[in-house]
Amino acid sequence: MKTAEIRRRWLDYFASKDHEVVPSASLISEDPTLMFTVAGMVPFIPYMTGLVPAPYKRATSVQKCVRTLDIEEVGKTTRHGTFFQMNGNFSFGDYFKKDAISYAWEFLTSSRESGGLGIDPERLWVTVYEDDEESIKLWREQSSIPLERIQKRGMKDNYWSTGQPGPAGPCSEIYFDRGPSYGVEGGPEADEDRYIEIWNLVFMQFERGEGTGKDSFEILGELPSKNIDTGMGLERVAFLLQEVDNLYEIDEVRPVLDLAAKLSGKTYGEKEEDDVRLRVVADHVRSALMLIGDGVTPANDARGYVVRRLLRRVVRAMRLLGVEAPVFKKLFTASKDAMKESYPELDKDFERILRTAVNEEEAFLRTLNSGLLVLDEEISKAKGSKAKALTGDSVFLLHDTYGFPVDLTFEIAQEAGLGIDRDKFTSLMNIQRQRAKDDAKQKRSTNADLSVYGEFRSLGTTKFTGYESLRSSAKVVGLIRDGQVVKSLAQGETAEVILDETSFYAESGGQDSDSGFIVADSVVLEVLDVQKPVKGLVSHSVLVKQGGLGLGDKVATEVSADWRLGAAQAHSATHVVHAALRQVLGPQALQSGSYNKPGYLRLDFSWSEQLSQATKTEIEEVTNLAIRQDLAVSARFMSVQEAKDFGAVALFGETYDESVRVIQIGGPWSRELCGGTHVSRSSQVGLVSLMGEASVGSGSRRLEAYVGFEAFQFLATERALVATLTDSLKVPREQLIEKINSTVEELRQAQKTLSALSMEQLMTRLPMIIEKAKSVGSTKFVVENIGQVDSAEQVREFAVAVREKLEPGSGVVAIAGECAGKVVLLVATTNKARAAGIGAGKLVKEASEILGGGGGGKDDIAQGGGPKTSELAKALIALEKSIAG
RNA sequence: GGGGACUUAGCUCAGUUGGUAGAGCACCUGCUUUGCAAGCAGGGGGUCAGGGGUUCGACCCCCCUAGUCUCCA
């Protein structure tokens, strides 16, 4: 049975049992503490913990998941995959153990004709938590499973909790017996290779208290509302039903494995080492495909780095299989074709996905090539020192600084007859890991306890009226001060206020929160910040300026009209700039984040190179033309599917409700999913002026711009600057650039000429100075102060010129000059003088010490000096004496 | 977020406890010569990424900033 078929049957089955079919959430988890969606229940956690009331009583989903913790195990075992799909059925205070067990049994064992999987009941085993007699009883009643195929297990295996106080409960797991050829008899307790876990039923029954580990905590009592959370690993069931050996051989993965084998000329199943590599390729290509599909791009930060690592590991594995040419285009196409039945959006978005992957492949091939040069050097160094292995430091340097994978280093070193010091490498890696972890621990802000909001959220959502009006009358439904629920607020206090409705826009979608006041009779609260701590709930951070406030009070919210207009202008401007960006650069320049507030906008987008000035100007022109065209701005609510069909740009990493708001500017010109506040016509934005463009890491860039009056002010300042320049340089503005260039050039030429001239002039003194040369024995010596000079170079040049005149005889030249308030002293010696044992370095040193400085150099020429200009005469006399010996 | 590395002529890169910045290619001029990266001779071209510090003296050592590459969380 094909994987997509199992998936379909699953959803159909639970839909027939009145479950809401919930589409898979993005792999980018909404929970900021999770990097990815790592389990099927992740999107349902707020409902499980009761933070947010569940919108349905029972639900089912097939959730995309990514886990990279065991990345090194991929390909070596049957069931470690970095990407997998988790089938789940959930009950929120509705059905419990009995139905959960009966559904599971029925779905697995009922015939294929009737929509089940048609698994032979004889092959199924079950485990339960050791104290959970109730489940054993229910299994016996709801299924045909004999008691001897039900095994009891302890807390470690069969008890679920989040690791923190909250819901917890026993689990019951279903195992599939692969048969005697895979291991010994005796159920999952005996052999987990033969008996494969396929389905975990979690019975959220109890409330747990504080505790240290997975199996040591206190049970506080029964939960008022019991939940069911189950997970059936789709890939596991698929590989069992397709009667293949592992999850890399199922229909959704195998084509990539086969293609990799074909490209490398290897035969799958021939050599374990190569098989592992082929499986790694198949697994990682699929994971990267799905991640990029959900909007993750290779980068140096958390999520981006995971994708980068997956992609690079593919390249590495292919190299180890002997393939050096680019292969991503073929591999990704094969993976997409294998996956598109379940995920048709991959097909639509494939151009972008492929380009992202191929860009990374090209970048890494470049990295590998430059790494090879370094590796060659390290190898010849090791060979030169007669070492038998590359040092751990070399291997680590290659990996850490040049991105060269250890495995490749190992292979290439081996070919050169060398080993590698893997232990040292590993210890260096551990040090690096520890450093990063320590830092993360230190920086981690205390995990905000959101439970205080759950109480208010359960009363309902905050109604947002701010699209239509700046004012709203509301009732105070909650007050929170210092994280504690309170009944009233007094003047001067800062606190959070929760209302039944509000016209205040909470910070989201990049738009800063509204500013204004909440008022009542003789009560004034200044709104400092507005946030949505929990989906659907708005919290106003306020300062009580006047009066006091109590629960249940009637108040009015008053958003500052000025602020809102500025915010709307900035947010609409962000959409316009985004559309302009994509028009100029192409659709791949997708926004990856943004921030805007009155007068300012910032927009991060995926792009890998610096924008030229011309491009920036073009983007600015397109933006301002769209503003000038007075395009209509409209907001419409529609379903996600409608919005997508409509061509609206949905941003990755943002999560949207069933019903989404689409903002259009000029009809199709700009269509984005967005909850923000906007102007009603583009002309109201006024003006946008780009101010900065910078890189925020590989593959991502940031534009900053001023909006509206601030844009005008910015341009006015620039104009004033130009005016000042034209004034100082005395040219019309059109000639400004030329004038600056020519002035700079002239200045450089003048400086050159000047220094040549002063050198020339200095040279005229040469004969006179030679004339004055004294002699000691056969050695002539010249000691001269030439006064002010431009630079030490002049003194050196002059000294060399003098020395030339003394060649080929024995001669010593000492020339001093003054430059920048300090003495520059140069001593040069001729060949013969040196042969007679006169060294320039020593002479300079002695004389410089008198000058309060130091000096040194080589025997033929040395430089020194010091700040004591007044001591120069003394120093020169000392020098003469020293030469005279 | 925390580490590591790199930035030198138009291009690719050298540059030795800190002591006059080089090579190859490209460019210009002249000669020679027209068989595939032509040869020979000569020449121009550098704020050694930017800023600050230490020093008599910094491409080199220290600090800050920017850009690029890379590893880890």
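Values below: every heavy atom of this structure, side chains too, minus hydrogens, waters and symmetry copies. A quick note: this is a predicted structure, and the numbers were derived from the prediction, not measured. Below, read A as the first sequence line, B as the second, and so on, with proteins coming before strands; counting in each chain starts at 1.
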Under the side-chain contact (heavy atoms from CB on, under 4.5 Å) test, residues paired with A/Lys845 that sit two or more places apart: A/Glu849
Interatomic distance at P, B/U47 relative to B/C60, whole Å: 16 Å
Ion pair A/Arg366/A/Glu361, N-O distance below 4.0 Å: no
Dot-bracket encoding per residue of RNA chain B, Watson-Crick/G-U cut-off under 3.5 Å, | denoting interstrand: (((((((..((((.....[..)))).(((((.......))))).....(((((..]....)))))))))))).
C1' gap between B/A9 and B/G15, integer Å: 14 Å
RNA chain B contacts among residues 865-879 of chain A, heavy-atom distance under 4.0 Å: A/Gly865, A/Gly866
Sugar-phosphate, base or nothing in reach of A/Thr367, heavy atoms under 4.0 Å: sugar-phosphate
Whole-Å C1' distance, B/G44 and B/C27: 9 Å
Pairwise P distance, B/C56 and B/C13 [rounded to whole Å]: 38 Å
Using a cut-off of under 3.5 Å, enumerate the N/O to N/O pairs linking the protein to nucleotides 59-64 of chain B.
none

P-based separation of B/U8 from B/C59 [nearest Å]: 15 Å
Distance-only donor-acceptor test (3.5 Å): side chain A/Gln863, base B/C56: no
Contact check, side chains of A/Leu311 and A/Arg308, non-hydrogen atoms, under 4.5 Å: no
Main-chain N/O of A/Ile71 paired with A/Arg313 side-chain donor or acceptor, under 3.5 Å: yes
B/G10 to B/C48 separation - P atoms, rounded to the nearest Å: 12 Å
Sugar-phosphate, base or nothing in reach of A/Arg312, heavy atoms under 4.0 Å: sugar-phosphate
Residue met sooner reading RNA chain B from 5', once A/Gly853 and A/Arg796 are mapped to nucleotides: A/Arg796
Closest to the A/Arg433 side chain, choosing from B/A73, B/C56, B/U70: B/A73
Scan nucleotides 4-8 of chain B against the protein and return all N/O pairs shorter than 3.5 Å with their distances rounded to 0.1 Å.
residue : atom : partner  : partner atom : Å
B/G4    : O2'  : A/Thr401 : OG1          : 2.8
B/G4    : N2   : A/Thr401 : O            : 3.1

Residue pair A/Thr617 / A/Glu620, side-chain donor-acceptor N/O under 3.5 Å: no
Stacked cation flag A/Arg67 on A/Phe36, 6.0 angstrom / 45 deg: no
Lys/Arg N to Asp/Glu carboxylate O, A/Asp294 vs A/Lys64, below 4.0 Å: yes
Test side-chain contact (heavy atoms from CB on, under 4.5 Å) applied to A/Arg834 - qualifying residues, sequence neighbours left out: A/Arg803, A/Thr829, A/Asn831, A/Asp859, A/Asp860
B/A5 and B/C62, which share atom name P, separated by this distance in whole Å: 10 Å
A/Leu320 side chain near A/Glu411 side chain, heavy-atom distance below 4.5 Å: yes
Phosphate-side-chain proximity, A/Lys822 and B/U55, N/O vs OP1/OP2 below 4.0 Å: no
Separation between the C1' atoms of B/G18 and B/C31, rounded to whole Å: 44 Å
pair A/Leu368-A/Arg316: side-chain heavy atoms closer than 4.5 Å: no
Sidechain N-carboxylate O distance under 4.0 Å for A/Lys381, A/Glu377: no
